[in-house]
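First up is the structure itself, then whatever we jot down about it.
Order of the sequence lines sets the chain letters (A, B, ...), proteins ahead of strands, with each chain counted from 1. Here the structure is a predicted model, which means the values were calculated and not measured.
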Protein chains: 4
Amino acid sequence: MASKPGNDKELRILRAAISVFARHGYHGSSISTIAEEAGIATGTIYLYFRKKEELIIALFQRFLGDYIREAKEEVLAVHGAPARLGKLIERHLRFFEADHEVAAVFQIHLREVNPQIRDGILPVLLDYFDLIDTILIEGKEAGEIAPDIDVRLARKLIFGGLDEIVTSWVLSRHKYELMSMRDGFHQMITRAVGARWSGFRARASGGD
Amino acid sequence: MASKPGNDKELRILRAAISVFARHGYHGSSISTIAEEAGIATGTIYLYFRKKEELIIALFQRFLGDYIREAKEEVLAVHGAPARLGKLIERHLRFFEADHEVAAVFQIHLREVNPQIRDGILPVLLDYFDLIDTILIEGKEAGEIAPDIDVRLARKLIFGGLDEIVTSWVLSRHKYELMSMRDGFHQMITRAVGARWSGFRARASGGD
Amino acid sequence: MASKPGNDKELRILRAAISVFARHGYHGSSISTIAEEAGIATGTIYLYFRKKEELIIALFQRFLGDYIREAKEEVLAVHGAPARLGKLIERHLRFFEADHEVAAVFQIHLREVNPQIRDGILPVLLDYFDLIDTILIEGKEAGEIAPDIDVRLARKLIFGGLDEIVTSWVLSRHKYELMSMRDGFHQMITRAVGARWSGFRARASGGD
Amino acid sequence: MASKPGNDKELRILRAAISVFARHGYHGSSISTIAEEAGIATGTIYLYFRKKEELIIALFQRFLGDYIREAKEEVLAVHGAPARLGKLIERHLRFFEADHEVAAVFQIHLREVNPQIRDGILPVLLDYFDLIDTILIEGKEAGEIAPDIDVRLARKLIFGGLDEIVTSWVLSRHKYELMSMRDGFHQMITRAVGARWSGFRARASGGD
DNA sequence: TATGAATGAGCCTTCATTCAT
DNA sequence: GATGAATGAAGGCTCATTCAT
């Protein structure tokens, strides 16, 4: 119930890894450097992670996993596909804008990755994809999204677009506020999927 | 007389690099392996590329550069933003579908790179971004694209969406035809940017 | 408790380096060979020396540095320039005669070095030059050395002569006893610098 | 009778080698770089020298050999050991002062050398040692040099002293005129070997 | 748990040398 | 003789991983 010292050290290692990866990239960072950054001995890392690859997987599960769980809860609490999409976009951009190191690591440095790592990462991402898919599917059912929309394709547009926006922002060295992209992007996405506010549409059409 | 032996060998090396990178990734591939794949001695590679990094940069410039030049010509030959976007999407998907190894390398394996490599790659990508921007800008001037569209943001949506589609397809191990995404994606993009066929708009504006 | 294992291993590496350099020269010796000679793994050398170049510099500082400190103390404990020169010559020859491998390395194998190495070595040598200069300067002040002697030039004669003697001896494969050169060389040097025993001079000046 | 083109090219290669060695050292210079400097193809060097090592040997034989032959003739044309020593010293210093690149190469860059090279170089040096020995032996016979002088030891003092003077001058980046060392050095050497001008002594002593 | 010295496989890169033209 | 592309062995150095303490 109190803080587990093991978990604490594990987190310290992960934070150190984020910081070192952000500066030198995954392949340019050594376990020793991460240990030094975490203020522990090199060997200690291996008490928490069996291989360097497991560090990345844990990074994804811990940082992205937490974000995705929160995002899912918050997004699904809202009603209506357009609002949900807006909330998703806002959370996505806010997550990365909140921590430049995390943004650099996930957008730039952990992209080339061997199959083993990918297998560890994929479930986390699939959760996120599921969330987007859910928004779209329920939106279609509610008539808020055009019926001819291919959900998986639309999800790729949404995720790919967000991903590209964040990546550009990182590469620009955060020259502008990431959040300033929110409304424009939301508008494009809602148009793309033919989204209509169901309440509004109901009132506007005067019937249904 | 016609064949330049130097160019021939350079191309052989690049093809071998693509093939080896596709299987083992950039950091997992050694120069010796690439040389072996190309059927030459290790040192020979250094007669054509001064560092391993230059190999990737050359890969981008050669393969993507050629594609982008062709795409630009072909896309701009078409008239009207919606048609141009359609052509762009078609060419993009066709390019990657044509060569699974090239797709794997560009979508998966060359994503984490050090700043030096990125500096060599960026100009090629910027050319592509320019092409998309041109379509959008000229489309706005022609009234084919909604005037409130932020060109750079829309470009990120288009590029990011395409990129994600290709990446998913590669990770799915080409389970479906990439080209089958074309029409659905084109439709979403045209909606997203509020694209109208100028001919249609002419009629519409005449009647409304 | 008393033995520092780190220092011990560092010394083992240096001894191994001396031995390997003596046989194959600096450029002809690989780090792996030195490690093998020291009975350790290749990478271990890099825990003690960051580059191959640092190995040589450490060699100089450790072996010559120690010798020079001892020589300085012992030489300056003696009084009178002629006796001091005698002591210097004796120590110099004794030092190299004591260890044929050290002699070979310093006289033959570490002569062509790049500027970086030279910068690391120079301070050690300058200490030695200082010692000789001190003998000469104090000798001049005491009237034991001819006043028209250029100290730096005389030092070059002394050091150059000693150096050549040792080099010849090494190249002759130690065919004769190095120490047998001592008296003849001492005599020539004292003549060269017009050295007079101050006691003698006292008598001489009293009578002449 | 006319210039042999083969010899001409051989000399061009040797000059190029001197120049490149002076800048990058022996081990830092590649055959290709020397070829480039000489304005010929890499392979061409191998038509004149079978191995890189032979280049050095030829360098010694050509440059030092020529100098030594001239020095021998000129020195022995003079009479009296003191004058001969003076001439030797003058020629030695003048030779190196005349060409900074040659000086750098012979004093600094060709010092660490494997046994094969040394075997090729030694004969050239032995010729020089012979010249010095001849001066001393004939000087002893003429009563111009102290009879207790060990000729080989004195030769080492002379050669070693000169060598050190030139090396210091090269390392100082030619901050002073090498020739300015001549008289001081000559004086010390004549004192060291107890040299007396036989003519002067004859006159001074009033007899023969 | 924690340490950090030690390991040794592996990789990029250089370059003397060869040889087909 | 001349060329210069090609060779491939060799070496410095890094770093993930282990293990005795």
Side-chain angles (χ1 to χ4, degrees), chain A residues 5-6 9-10 13 26-36 38-55, chain B residues 4-6 8-10 13 27-36 38-55, chain C residues 4-6 8-10 13 24 27-36 38-55, chain D residues 4-6 9-10 13 26-36 38-55:
Chain A
K9 194 159 288 182
E10 187 178 317
I13 293 170
Y26 174 65
H27 288 100
S29 303
S30 71
I31 293 286
S32 307
T33 307
I34 294 169
E36 196 181 10
I40 59 175
T42 304
T44 306
I45 289 190
Y46 285 85
L47 300 176
Y48 296 88
F49 307 96
R50 296 202 317 197
K51 310 182 82 210
K52 195 184 179 189
E53 292 165 356
E54 285 196 5
L55 242 180
Chain B
K4 294 182 202 168
D8 175 50
K9 192 157 291 180
E10 187 179 317
I13 294 170
H27 288 101
S29 303
S30 73
I31 292 286
S32 312
T33 308
I34 295 170
E36 198 179 8
I40 58 176
T42 303
T44 306
I45 289 189
Y46 288 86
L47 298 178
Y48 296 88
F49 306 96
R50 295 203 309 206
K51 312 180 75 201
K52 195 185 177 189
E53 292 171 355
E54 284 198 6
L55 242 180
Chain C
K4 295 181 201 171
D8 175 51
K9 194 158 290 180
E10 186 179 320
I13 294 170
H24 305 109
H27 287 99
S29 303
S30 74
I31 292 286
S32 313
T33 307
I34 295 170
E36 197 179 8
I40 57 175
T42 304
T44 306
I45 289 190
Y46 288 88
L47 297 179
Y48 296 88
F49 307 95
R50 297 203 307 208
K51 312 181 75 200
K52 194 185 179 191
E53 292 170 357
E54 283 197 7
L55 242 181
Chain D
K4 297 180 200 169
K9 192 160 288 184
E10 186 179 317
I13 295 170
Y26 173 65
H27 288 99
S29 303
S30 71
I31 292 286
S32 307
T33 308
I34 295 170
E36 195 181 11
I40 58 176
T42 303
T44 306
I45 289 189
Y46 285 84
L47 299 176
Y48 296 88
F49 307 96
R50 299 203 313 198
K51 312 182 81 212
K52 195 184 179 190
E53 293 166 355
E54 285 196 6
L55 242 179

So what does [X] touch, heavy atoms closer than 4.0 Å: a base, only the sugar-phosphate, or nothing?
X	value
L47(D)	base
T33(A)	nothing
T44(B)	base
T42(B)	base

K9(D) side-chain N/O to I40(D) backbone N/O, donor-acceptor pair under 3.5 Å
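Flag not set: sc K9(D) to bb I40(D) has no pair under 3.5 Å.
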
Name the residue closer to the 5' end of DNA chain E, choosing between G39(A) and S30(D) according to the nucleotide with the nearest heavy atom.
G39(A)

Take Y46(D) and S32(B), find for each the nucleotide of DNA chain E with the closest heavy atom, and name the residue whose nucleotide sits nearer the 5' end.
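It is S32(B) whose nearest nucleotide is closer to the 5' end.
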
Judged by each residue's nearest nucleotide on DNA chain F, which is more toward the 5′ side, G43(C) or I40(B)?
I40(B)

Locate the shortest heavy-atom distance separating H27(C) from H27(D); write the atom from each residue and the value.
ND1-ND1, 3.0 Å

Rounded off to whole Å, could you give me the [atom1]-to-[atom2] distance for the [X] and [N] pair?
X	N	atom1	atom2	result
H27(A)	dG10(E)	NE2	P	16 Å
K51(B)	dC11(E)	NZ	P	18 Å
K52(B)	dT13(E)	NZ	P	8 Å
E10(C)	dA6(E)	CD	C1'	16 Å
L55(B)	dC11(E)	CG	P	15 Å
I45(B)	dC11(E)	CD1	P	13 Å
F49(B)	dC12(E)	CZ	C1'	16 Å
E36(A)	dC15(F)	CD	C1'	14 Å

[N] pairs with, by Watson-Crick or G-U criteria that keep both distances under 3.5 Å:
N	value
dT14(E)	dA9(F)
dA20(F)	dT3(E)
dG8(E)	dC15(F)

[atom2] on [Y] to [atom1] on [X], rounded to 0.5 Å:
X	Y	atom1	atom2	answer
L55(A)	E10(A)	CG	CD	9.5 Å
T44(A)	I13(A)	OG1	CD1	7.0 Å
I31(A)	E36(A)	CD1	CD	13.0 Å

Less than 4.5 Å apart, side chain to side chain, heavy atoms only: is that true for E54(D) and Y46(D)?
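Contact flag for E54(D)/Y46(D) side chains = no.
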
Does a side-chain N or O from Y48(D) land closer than 4.0 Å to OP1 or OP2 of dA2(F), or not?
yes

side-chain N/O K9(B) vs dA6(F) OP1/OP2, d < 4.0 Å
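Yes, such a contact exists.
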
State which of dA16(E), dT3(F), dT7(F) makes the closest approach to the side chain of I31(D).
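In terms of side-chain proximity for I31(D), the closest of dA16(E), dT3(F), dT7(F) is dA16(E).
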
